[in-house]
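Each chain gets a letter, A, B and so on, in the order the sequences are listed, and its residues count up from 1.
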Protein chains: 2
Amino acid sequence: MRNSSADQLILETLGVQKSHLTSHQIYEGVHLRLPALNPSTVYRALDRLVSQGKVTVSDMGLGAAVFELAGEKPHHHLVCQGCGYITMIADDQIAPLMETLEKNYHYKIKTNHLVLFGLCEQCQQNH
Amino acid sequence: MRNSSADQLILETLGVQKSHLTSHQIYEGVHLRLPALNPSTVYRALDRLVSQGKVTVSDMGLGAAVFELAGEKPHHHLVCQGCGYITMIADDQIAPLMETLEKNYHYKIKTNHLVLFGLCEQCQQNH
DNA sequence: AATTATAATGCAAATCTTTGCAATTGCAAT
DNA sequence: ATTGCAATTGCAAAGATTTGCATTATAATT
């Protein structure tokens with residue numbers, strides 16, 4: 001494992017934007033600052049960072065996975081499959097489960113962003 | 001919403017294989033039985049089924065999202081980012097959380113497959 | 001049965017992502 | 001400083017997925 005400039009750029013980009021970025025958005029952002037950088041380099045660097053646990057991925061049902069810095073404050077979402085509305089879930093509700101799992105399975109969980117799909121109250125009725 | 005033959009084929013394929021299939025694997029499977037079917041039709045049908053809640057998606061860190069029939073018995077995984085080993089999590093451990101969330105947020109949760117990433121006991125030490 | 005509105009499909013092009021291989025770079029050991 | 005090894009990168013090609021638009025099929029209505 002080596003200190004790569006692509007990795008650095010990606011980490012900075014994620015650090016600045018602090019939002020959920022798709023791989024392509026990341027490529028675009030990095031490309032602005034260093035146009036010479038090849039797409040495949042960016043995609044490969046992203047893979048690396050994820051498997052190193054420095055970056056996390058989640059699927060928010062947007063058609064593409066989204067990335068963010070690992071170590072950001074854990075936060076979670078409910079996504080309604082009826083209307084698309086996204087609700088935040090406080091980490092208080094999730095953290096205890098994570099701790100239980102870590103204890104039961106002797107695991108150190110890195111996932112800091114859960115996305116759960118379902119139907120909101122309204123969309124259950126409109127069914 | 002209409003009864004489409006592509007949808008039927010996909011549901012049957014998922015029903016037979018009962019495993020986690022990527023969109024491309026699904027396309028291949030369906031293509032075997034009906035070679036005339038266009039890729040874009042399959043991908044669009046898959047989208048449709050997901051947003052209708054008949055099929056669920058999850059990212060297992062394999063580089064591609066995996067699909068399965070909604071309504072299958074809920075099951076969950078821990079994926080180790082060190083060695084890649086996959087541990088099953090009993091639904092007993094997860095179900096209570098889901099119920100709590102459903103109550104607190106008046107939601108009907110459809111996600112039946114959680115995938116959490118982290119480090120197993122060994123890989124924490126080898127760090 | 002004919003008509004209409006809407007959903008699903010095919011096709012081709014565009015876009016996004018992955019992969020193989022050769023060239024380059026960074027790091028450590030000499 | 002030089003050397004050697006392994007990781008990273010660029011490039012080009014292949015592969016996967018999405019999109020726009022015209023066409024076809026479906027279901028409901030008349």
- prompt: Counting N and O atoms only, with roles assigned by atom type, does the side chain of A:Y43 sit under 3.5 Å from a partner on the main chain of A:Y27, one being a donor and the other an acceptor?
  reply: no
Can you measure [X] atom [atom1] to [N] atom [atom2] for me and round it to whole angstrom units?
X     : N      : atom1 : atom2 : value
B:Q25 : D:dA16 : CD    : P     : 11 Å
A:D7  : D:dA7  : CG    : P     : 14 Å
A:N3  : D:dT8  : CG    : P     : 10 Å
B:I26 : D:dA16 : CD1   : C1'   : 14 Å

- request: Under a 3.5 Å limit for both distances, which nucleotide forms a Watson-Crick or G-U wobble pair with C:dT24, could you say?
  value: D:dA7
message: Return the CZ to CG distance between A:R44 and A:D47, rounded to the nearest 0.5 Å.
response: 9.5 Å
message: Can you tell me how far apart CD (B:E102) and CG (A:L116) are? Round to the nearest 0.5 Å.
response: 10.0 Å
message: Please list, in numerical order, the residues of residues 27-48 of chain B that have a heavy atom closer than 4.0 Å to any atom of DNA chain C.
response: B:A36, B:L37, B:N38, B:S40, B:T41, B:R44, B:R48
- prompt: So which heavy atom on A:H106 is nearest to which on B:Q124, and how close?
  reply: O-NE2, 3.1 Å
- line: Minimal heavy-atom distance between A:N112 and A:H76, with the atoms involved, is O-CE1, 4.1 Å
With A:L69, the side chain to side chain contact (heavy atoms under 4.5 Å, CB included) member among A:I10, A:T56, A:L14: A:L14
message: Taking 4.0 Å as the cut-off, does a side-chain nitrogen or oxygen of B:S23 come that near to OP1 or OP2 on D:dA16?
response: no
